[in-house]
Amino acid sequence: MAEKKKFQAIKGTRDLLPPETDLWNRVEQTAREVFGTFGFGEIRPPIFEPTELFARAVGGETDIVSKEMYSFEDHDFGELEKLRSVLLIRELELENPQSASLHKGQLTEFNAALEAGMKGRKIPVTPENERALDDLKMHAARIEILRRDYTGGEWQARERFNASVTGIRQALRVVEFGDVISLRPEATASVCRAYIEHGMHALPQPVKLWYTGPMFRRERPQKGRYRQFYQIGAEVLEMVPSFAAKDAATAGGAKSAPKDAAVDAEVIEMVMAFFARLGLEGVKLEINSIGDRECRPKYVELLRAELLKVKDKLGPDSQRRIETNPLRVLDSKLESEQAIIAGLPKIADHLCANCAAQYAEVKRQLGMRGVAYAENWRLVRGLDYYMRTTFEITAQGLGSQNAVCGGGRYDGLVELLGGQPTKGIGFAIGEDRLILSLQEAGKGGTALGRDVFVAWMGEKAQATAIAAAQKLRAAGFRVELPPVEQKFGKALGQADKLGARYALILGDDEIATGQWTVKTLADGSQAKMSEAEFLELLRKSL
Ligand code: ATP
Ligand code: MG
């Protein structure tokens, strides 16, 4: 007998169950409707992509890429991979001919398979793999010669032997049998990749796309933070005509500021309209400009210089970030650092003319659209690709994980991924947190009820019950049809438990007369009526 084992959802993942899934569907349907009114079409990119895509787009230095991605090699060389593991752990000494000859056989086999795989282009022919194969062959040959000529006791020979053993281990570790792929930690990179791959720059610009689906990050699970979580997002992408500028980030100069700002404001307006339609409560929008390639680096240097002056008063995380990413210090929630941060130079005072003009215009545009906002000069986004307009939206009932949406402008990202100069702005909503907030505010779903419970008894009644259920379902009503006959008392009890509105009672009498018995469960009243009358009643009352 197989051992009894209790399976559970993996840490950080969870099942979404009815009736909660009704709310999820309502949220996604509302997104579809609201975004549709702004001219957005839905895109469904794959769940996994080459790791390289995320590394480039999100940034190799971010937490997401450096430690939170679920990555794996994608290949058909499982056996070869096992052989590599064996070779990696085998102890090898010059004096031990037995282990050496076993090693030699396995290494020869490995090298031959690797070479054949690369020749047949089944294993990627990368410079790393080519160098590894060369090294493996060279060290294998060296070990052979050393073994053959070894007469005992020469320390130089042993040293060279050990060096080659290390060389083999190093080369083995480098070999990649296939592409490394990752579960997506976010979707903007995928949308940009798709924009390039399908030549969407040839479509009328801008291209407006929205998406929804699961994302994966190996974070510490807590309320509002999961390892598989869901986002609803949208992106606006617009190729920059080749005459306008040599790159997207500086395209059009000051002239493009009003247009970009209007696009930013409309995207923000759209998210706020979506939240309003859902009845999300305690919604707060914060905005900032983090400058562009021209002014941000200068500000970052200034910030770094100021931070160095107060380094001793900062915590270890912030001290480290002075070197790696000074902007992130502004993000710090550490109580002891707040007073110091308040005195740091603000980016708004150091924006270049273009960025300043655009930021001012974004605020004016938001005003024209009746969108309330607060400025937060400390708002910096976690991902590398943002520039100029950035924003974050928080909602109530979420504790410290209260950000439900993050977004911003990312001109230049498409170019970074191999496309033409293209402007971009987008956002991602954390759907799990959005749902939590709606539930906390009492806007969750209720159990899936039934409109009609068909209580039937007798063979003839079953045929009528099936036909009735078919008709009612085709008309869109939720119908429960018991698979076997039940005493009416039991049937009515079950109808009650399921929260049915009406019980349709079909017995010999009803079949003979064509007059159905309909019981309204809320008040227990009962009436006789024809099929047509019952349908009419349902249409009117539901
Ligand atoms: P946070 O600061 O909360 O970690 P983030 O800056 O990592 O957020 P983004 O990458 O901008 O978030 O993603 C946008 C939104 O996705 C967030 O505002 C949040 O609502 C949601 N989100 C991000 N990570 C998770 C997660 N692990 N679980 C649930 N929702 C998440
Ligand atoms: Mg995060």
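We count ligands from 1, going down the list as the structure has it; atoms in each ligand are counted the same way.
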Student: Look at Lys363 together with Glu375 and state whether they make a salt bridge at an N to O cut-off of under 4.0 Å.
Tutor: yes
Student: Under the salt bridge (charged side-chain N to carboxylate O under 4.0 Å, His left out) test against Asp264, which residue among Arg409, Arg364, Arg388, Lys423 passes?
Tutor: Arg409
Student: May I ask which of Arg227, Arg218, Gln231 has a heavy atom nearer to atom 14 (C) of ligand 1 than the others do?
Tutor: Gln231
Student: With a 4.5 Å limit on heavy-atom distance, are the side chains of Glu130 and Thr126 in contact?
Tutor: no
Student: Looking only at non-hydrogen atoms, which of Gly224, Gly407, Gly430 approaches atom 29 (C) of ligand 1 most closely?
Tutor: Gly224
Student: Going by the atom numbers of ligand 1, which of them fall below 4.0 Å from some non-hydrogen atom of Val404?
Tutor: 18 (O), 20 (O)
Student: Determine, for Arg227 against Glu219, whether the closest basic-nitrogen to carboxylate-oxygen distance falls under 4.0 angstrom.
Tutor: no
Student: If you measure from atom 27 (N) of ligand 1 to every heavy atom of Glu219, Gln222, Arg433, which option wins on shortest distance?
Tutor: Glu219
Student: Check if Arg217 has a non-hydrogen atom at a distance under 4.0 Å from any atom of ligand 1.
Tutor: yes
Student: Among Phe216, Tyr211, Trp24, which one satisfies ring-ring contact (aromatic ring centres under 6.0 Å, His included) with Tyr230?
Tutor: Trp24
Student: Any nitrogen or oxygen of Ala403, main chain or side chain, under 3.5 Å from a nitrogen or oxygen of ligand 1?
Tutor: yes
